[in-house]
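Following: one structure in structure tokens, then a few remarks.
By convention here, the first residue in the shown sequence is residue 1.
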Amino acid sequence: MFRHPARRQLLGAGLGLAGAAVLPDLPSAAENWPSRPVRLLIPFPPGQATDTILRYLADELSKRWPQRIVVENRAGGAGVVGMEAGARSTPDGYTLIASTSGTNGINPSIIPNLPYDALRDFTYITTVFTVPLMIVAHPRFAPNTVPELIAAAQADPGGINYGSGGPGTSQHLSAEMFASRGGVKLTHVPYKGSGPAMADLIAGNIPMMFDSVASALPHVQGGRIKAVAVTSAMRAPQLPAIPAIAETLPGYEAIGWGGLCVPAAAPREVVERINADVIGMLRDPRIAARMLELGGTAAPQTLEAATIFVAGEIQKWGAVAQAAGVKLEG
């Protein structure tokens, strides 16, 4: 596996040994990898959806690899602290980095002087999961459907507030995209985290918000809030009865995602090995089913497709942020 006969021939010719005994095989970078524990760097605190799902993936990979995966949470600055640490780590394949829609899709457009380049500094292994957001509302909020919400917002421009986990979050930009596509004006009420926003929604202090399915679903199931629509292009498998926004606003799609990347200079053979192993796991029905339970949908990609996907996300969210005038202080 991963032999390089051409390399052996070049060595032999360079030493003047053409026609002599063939040199022994030289081990490739991937043959002995991993020979020590692998670090998984997650740029968020424990307990978030990305952390929960990727810890599960790490546990499963540790059963297949001869070395364990050690998870390290490096939170701070909307994921900037962890991503910068990952970009500067040794590019030997022993540091995997959790990439997300926020850190690698949104941050490049809204954070001036970002200390990492989302495309140049990383090699993307694959997306691991996608997770839609959904419009959730207090039960007393009159609109129950997207058309009703648009009509209410048109009748009262700027009069409907929505909460988010903070400026520039996927919650915020998903709502801004909705307002733009729907031709309405909503008023943003930012919180320091989605938890406080959800608490105020449940209390009736704000009428609605966009939140991830993984976070909001338990509250919907408990009757504390109601689900209006999901932000994925199609209905979410966890909520088949809840329509997609795209059914009213064609082309609307705003998904959260989490994936794996490594520093850009990591050995190609190791990158290909990780990609093959992770894709094989994500196609396992048992693992895919467990991810659904955790709130995400398995989303394996080739190396090339993963890079194209991230570039598209940067472009999409950059356009939304520019139109909405969203820029965080550097």
Side-chain angles (χ1 to χ4, degrees), residues 99-110 118-119 124 127 129-137 143-155 157-158 160 162 164-165 167-188 208-214 216-217 227-259 295-302 304-327:
S99 54
T100 72
S101 49
T103 58
N104 297 64
I106 295 175
N107 282 357
S109 299
I110 67 170
L119 291 176
Y124 291 93
T127 51
F129 68 92
T130 59
V131 56
L133 284 75
M134 60 179 166
I135 301 175
V136 288
N144 291 309
T145 67
V146 170
E148 290 176 359
L149 175 58
I150 291 174
Q154 289 173 337
I160 297 177
Y162 72 91
S164 83
T169 58
S170 58
Q171 301 161 334
H172 176 202
L173 294 186
S174 296
E176 291 293 340
M177 183 191 294
F178 173 83
S180 175
R181 296 286 183 91
V184 299
K185 180 175 175 57
L186 303 171
T187 297
H188 180 214
M208 59 171 281
M209 69 179 290
F210 284 62
D211 199 14
S212 73
V213 167
L217 187 57
V228 176
V230 296
T231 64
S232 46
M234 302 177 65
R235 299 190 180 199
Q238 301 97 327
L239 294 163
I242 304 301
I245 293 172
E247 294 175 31
T248 300
L249 301 176
Y252 181 97
E253 182 180 23
I255 57 171
W257 52 269
T297 300
Q301 290 177 315
T302 64
E304 292 74 18
T307 300
I308 292 170
F309 173 76
V310 173
E313 287 286 286
I314 293 172
Q315 182 178 21
K316 177 179 75 177
W317 290 119
V320 174
Q322 183 177 13
V326 179
K327 184 74 71 173

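Between the side chain of E253 and the backbone N or O of A246 there is no donor-acceptor pair closer than 3.5 Å. Using a distance-only test at 3.5 Å, with no hydrogens or angles considered, a donor-acceptor pair links the side chain of T127 to the main chain of A299. Looking only at distances, no side-chain donor or acceptor of T231 sits under 3.5 Å from a matching main-chain atom of I255. A donor-acceptor pair is defined here as one N or O able to donate and one able to accept, closer than 3.5 Å; such a pair exists between the side chain of Y252 and the backbone of S174. Formation of a donor-acceptor pair under 3.5 Å by the K327 side chain with backbone atoms of S109 is found in this model.
Here the CE atom belonging to M134 is positioned 11.5 Å from the CD1 atom belonging to I245, to the nearest 0.5 angstrom. The distance from atom CZ of F210 to atom OG of S170, rounded to the nearest 0.5 Å, is 11.0 Å. Between the CD atom of E313 and the CD1 atom of I308 there is a distance of 13.5 Å, given to the nearest 0.5 Å. Here the straight-line distance linking atom OG1 of T130 with atom CZ of F309 works out to 7.5 Å at 0.5 Å rounding. A distance of 11.5 Å separates CD1 of I242 from OG of S232, quoted to the nearest 0.5 Å. Once rounded to the nearest 0.5 Å, the distance linking CD1 of I314 with CG of L119 reads 4.0 Å.
In summary, R235 and E247 engage in a salt bridge, as defined by a charged side-chain N under 4.0 Å from a carboxylate O.
The aromatic rings of H172 and H188 lie parallel to each other, their planes meeting at an angle below 30°, with 60° marking the opposite boundary.
Minimum heavy-atom separation, P132 to A236: CG-CB, 3.9 Å. Considering every non-hydrogen atom in both G158 and T187, the closest pair reads O-OG1, 2.6 Å. Between P300 and A298, the shortest heavy-atom distance links the atoms CD-C, 3.6 Å. Nearest heavy-atom pair, A254 versus W317, reported as atom, atom and distance to 0.1 Å: CB-CH2, 3.6 Å. Here the closest heavy-atom approach between residue V228 and residue P143 is recorded as CG2-O, 4.4 Å. Minimum interatomic distance between Y124 and A306 (heavy atoms only, all atoms of both residues): CB-CB, 3.9 Å.
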Please determine whether side-chain contact (heavy atoms from CB on, under 4.5 Å) holds for the pair I160 and V184, giving the CA-CA distance in whole Å, both sets of side-chain angles, and the decisive distance to 0.1 Å.
CA-CA 10 Å; I160 297 177; V184 299; over 6 Å; no
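Atom CD of Q315 has 12 or fewer neighbouring heavy atoms from other residues, nucleotides or ligands inside a 6.0 Å radius. Atom CD of Q322 sits in a sparse spot, with 12 or fewer heavy atoms from other residues, nucleotides or ligands closer than 6.0 Å.
Contact check for P243 versus V146: no side-chain heavy atoms found under the 4.5 Å cut-off.
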